[in-house]
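These numbers come from the heavy atoms of this one structure, side chains and all, not from hydrogens, waters or symmetry mates. By convention in this document, chain letters (A, B, ...) are assigned in the order of the sequence lines, proteins followed by strands, and residues within each chain are numbered from 1.
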Number of protein chains: 2
Amino acid sequence: MTADDAAPAAASTPPGRSADRVHEQVKAMAVTYRLRPGERVNEVELARALGVSRTPLREALNRLAAEGFLIATANRGYTVRPLDPKRVLTLYEYRAMLEVGALRLAAERATDAELAALEAFAERSRDEPDDDIQALRLLALDEQFHERLAQLSANEEMVRSLRSLNERVRFIRWIDMRKGRRPTTQQEHLQILRHLRARDAEAAAQLMTRHITRRLEEISEMIRAGFAEIYTDNALAAQAMGDVA
Amino acid sequence: MTADDAAPAAASTPPGRSADRVHEQVKAMAVTYRLRPGERVNEVELARALGVSRTPLREALNRLAAEGFLIATANRGYTVRPLDPKRVLTLYEYRAMLEVGALRLAAERATDAELAALEAFAERSRDEPDDDIQALRLLALDEQFHERLAQLSANEEMVRSLRSLNERVRFIRWIDMRKGRRPTTQQEHLQILRHLRARDAEAAAQLMTRHITRRLEEISEMIRAGFAEIYTDNALAAQAMGDVA
DNA sequence: GTATTCAGAACTGTATTCACTTTTCCCTCC
DNA sequence: GGAGGGAAAAGTGAATACAGTTCTGAATAC
């Protein structure tokens with residue numbers, strides 16, 4: 001292994017399957033809507049932009065379609081799945097159900113030590129600075145909290161699904177989170193954990209339901225307020241999203 | 001297995017993307033374990049057996065990996081995901097949670113007409129013959145019932161997930177179902193629907209939980225009894241599964 | 001002015017070829 | 001006889017070439 005491998009991959013292509021790298025890159029482009037919904041993905045153009053041939057790109061596109069980020073149409077290639085309001089609500093509803101289900105399992109299975117570790121994490125997160133520019137970092141921390149909590153369910157498939165769901169709603173949550181009403185979020189995380197440590201699954205589940213549902217309502221509001229500005233000129237955001245993700 | 005077991009290739013290739021066709025074919029081979037877990041998938045051999053080049057085959061393998069049927073390893077291609085007991089329980093647990101969640105939504109959203117239509121379907125299913133050879137057909141009907149019920153939740157993503165889960169546990173359910181204790185199944189389906197028509201979500205949810213959990217216990221039992229014979233010589237079954245799916 | 005047709009361009013889907021990695025297996029050495 | 005080494009074979013990953021479809025736009029008919 002040479003010293004170059006440690007350097008942040010800028011020009012030289014990092015090792016590993018390029019299809020995997022491309023998969024991540026295109027996913028970031030899709031979830032941040034740098035690739036606009038409804039717009040067809042031009043394979044030769046995108047391949048050239050990413051510095052690979054069409055073959056690994058197509059593998060990535062295939063996977064992304066299987067994961068629900070893209071839509072494949074015969075002889076017409078791929079398009080980014082539009083972020084229509086109905087789908088956002090559907091995904092959020094699913095997420096709520098999934099997280100509450102995982103939480104109930106976690107209440108039975110998590111050890112006290114695991115809960116304590118997660119609590120420490122939640123408290124560290126609370127002390128993060130809250131500059132508006134950090135919204136992305138905060139979102140990442142929030143996702144991590146929910147994922148780690150789901151992991152305590154010891155159900156790998158649920159964790160996998162939650163991760164996928166989070167990726168798919170990340171953009172809209174990011175928009176939402178810039179409105180900076182985070183204190184309650186962090187507070188509720190800690191409270192959920194307290195219920196868990198008391199092994200009160202019911203109380204924890206109810207709080208979690210409220211926790212997610214409240215966001216769902218805010219987002220519904222936002223959607224009603226208008227989608228128009230959402231897709232406009234978020235190249236910078238997209239850049240940042242890619243870095244964090 | 002030899003290459004010749006696969007579907008006849010030369011015989012008139014149906015229209016449409018061959019990658020899609022191959023995707024279905026290989027999926028059938030994976031879920032029925034004609035491709036044995038742990039065994040590497042030889043791309044050139046399988047491609048030749050299916051009468052296509054490696055390109056569309058690899059697209060199919062990619063998708064199947066994203067869907068959880070296969071595992072991809074760098075520079076070592078794909079293997080069928082093993083059917084270890086822990087994973088079966090995980091998938092079943094997930095399925096139970098998902099179905100109960102969907103059911104609760106269905107209780108709020110389904111119209112009386114929709115429930116009546118599903119009830120008619122359940123009654124037709126009950127009158128199907130029960131020769132042991134029909135176990136596959138009965139399984140298909142059972143899956144259909146549960147999927148249609150989930151559709152009444154009006155949450156497309158949940159339906160999508162359920163479908164995927166069903167495919168992944170289909171094999172083990174088929175083994176289980178040949179023990180022919182179906183009458184209770186059908187009876188419970190109808191009873192769940194009666195609770196729904198009465199808009200008693202709680203009763204319906206509890207019954208559904210029992211309905212699935214009981215199977216989970218039977219399957220756990222079966223797993224304890226030993227997995228050894230499961231993988232042995234089910235070429236015929238595989239054929240039939242492919243036809244039904 | 002509008003609709004239609006049809007050839008050429010653009011693009012997707014598949015096959016083939018090339019590059020690189022892993023596995024196999026024979027040979028050597030101890 | 002067993003361990004290690006190393007070429008050859010086999011296999012995967014990526015690039016290129018080819019085939020078939022869809023899109024575009026100008027010419028033509030009405």
Collect all protein-nucleotide pairs involving nucleotides 17-19 of chain C in which both atoms are nitrogen or oxygen and the distance is under 3.5 Å.
none

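- Here the nucleotide nearest the side chain of Tyr78(B), chosen from dC11(C), dT14(C), dG13(D), is dG13(D).
- When rounded to the nearest whole Å, the span between CG of Leu46(A) and C1' of dA10(C) equals 16 Å.
- For Glu43(B), counting side-chain heavy atoms from C-beta on, the closest listed nucleotide (dC11(C), dG13(C), dT12(D)) is dT12(D).
- The distance from atom CZ of Arg63(A) to atom C1' of dG13(D) is 12 Å, rounded to the nearest whole Å.
- Proximity of Ser18(B) to the phosphate of dT14(C): a side-chain N or O atom is located under 4.0 Å from OP1 or OP2.
- The partner of dA10(D) is dT21(C), by the rule that a Watson-Crick or G-U pair needs both atom distances under 3.5 Å.
- Protein atom CG of Asn62(B) is 13 Å distant from nucleotide atom C1' of dA14(D), rounded to whole Å.
- Side-chain contact, Thr73(A) with Tyr78(A): no donor N or O sits under 3.5 Å from an acceptor N or O.
- Tyr92(B) does not carry Arg215(B) over the face of its six-membered ring by the limits of under 6.0 Å from the centre and within 45° of the normal.
- We find that Arg21(A) and Glu59(A) are not joined by a salt bridge, their nearest charged nitrogen and carboxylate oxygen being 4.0 Å or further apart.
- Summarising the geometry, the separation between CG on Leu61(B) and P on dG11(D) is reported as 15 Å, rounded to the nearest angstrom.
- Within 4.0 Å (heavy atoms only), Val22(A) reaches no atom of the nucleic acid at all.
- Comparing Thr55(B) and Val44(B) by the nucleotide of DNA chain D that holds the closest heavy atom to each, the one mapping nearer the 5' end is Val44(B).
- No salt bridge links Arg137(B) with Asp142(B); every basic N to acidic carboxylate O contact stays at or beyond 4.0 Å.
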Requested in this report: Go through Leu89(B) and Lys86(B) one step at a time and tell me if the side-chain contact (heavy atoms from CB on, under 4.5 Å) criterion holds.
Outcome: CA-CA 5 Å; Leu89(B) 298 185; Lys86(B) 177 152 164 277; 5.9 Å; no

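- Put simply, Ser53(B) has a side-chain N or O that comes within less than 4.0 Å of OP1 or OP2 on dA15(C).
- Here the C1' atom of nucleotide dC11(C) and the CZ atom of Arg17(B) are 14 Å apart, to the nearest Å.
- Using a cutoff of 4.0 Å between basic side-chain nitrogens and carboxylate oxygens, Arg76(B) and Glu43(B) are not scored as salt-bridged.
- Of the candidates Glu147(A), Glu157(A), Glu99(A), Glu156(A), Arg163(A) forms a salt bridge (charged side-chain N to carboxylate O under 4.0 Å, His left out) with just one, namely Glu147(A).
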Could I get a table of every N or O pair under 3.5 Å where one atom is in the protein and the other is in nucleotides 22-24 of chain C?
from	atom 1	to	atom 2	distance (Å)
dT23(C)	OP1	Arg76(B)	NE	3.2

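- Arg58(A) places its CZ atom 12 Å from the P atom of dA15(C), with the value rounded to the nearest Å.
- Taking the six-membered ring wherever Trp is involved, the centroid distance between the rings of Phe145(A) and Phe121(A) does not fall below 6.0 Å.
- At whole-Å resolution of the value, CZ in Arg48(A) and C1' in dA15(D) are 16 Å apart.
- The CG atom of Leu57(B) sits 14 Å away from the P atom of dT16(C) (whole-angstrom rounding).
- Taking a cutoff of 4.0 Å between a charged side-chain nitrogen and a carboxylate oxygen, Glu67(B) and Arg168(B) do not qualify as a salt bridge.
- Remark: the Asn166(A) side chain and the Glu143(A) side chain contain no N/O donor-acceptor pair separated by less than 3.5 Å.
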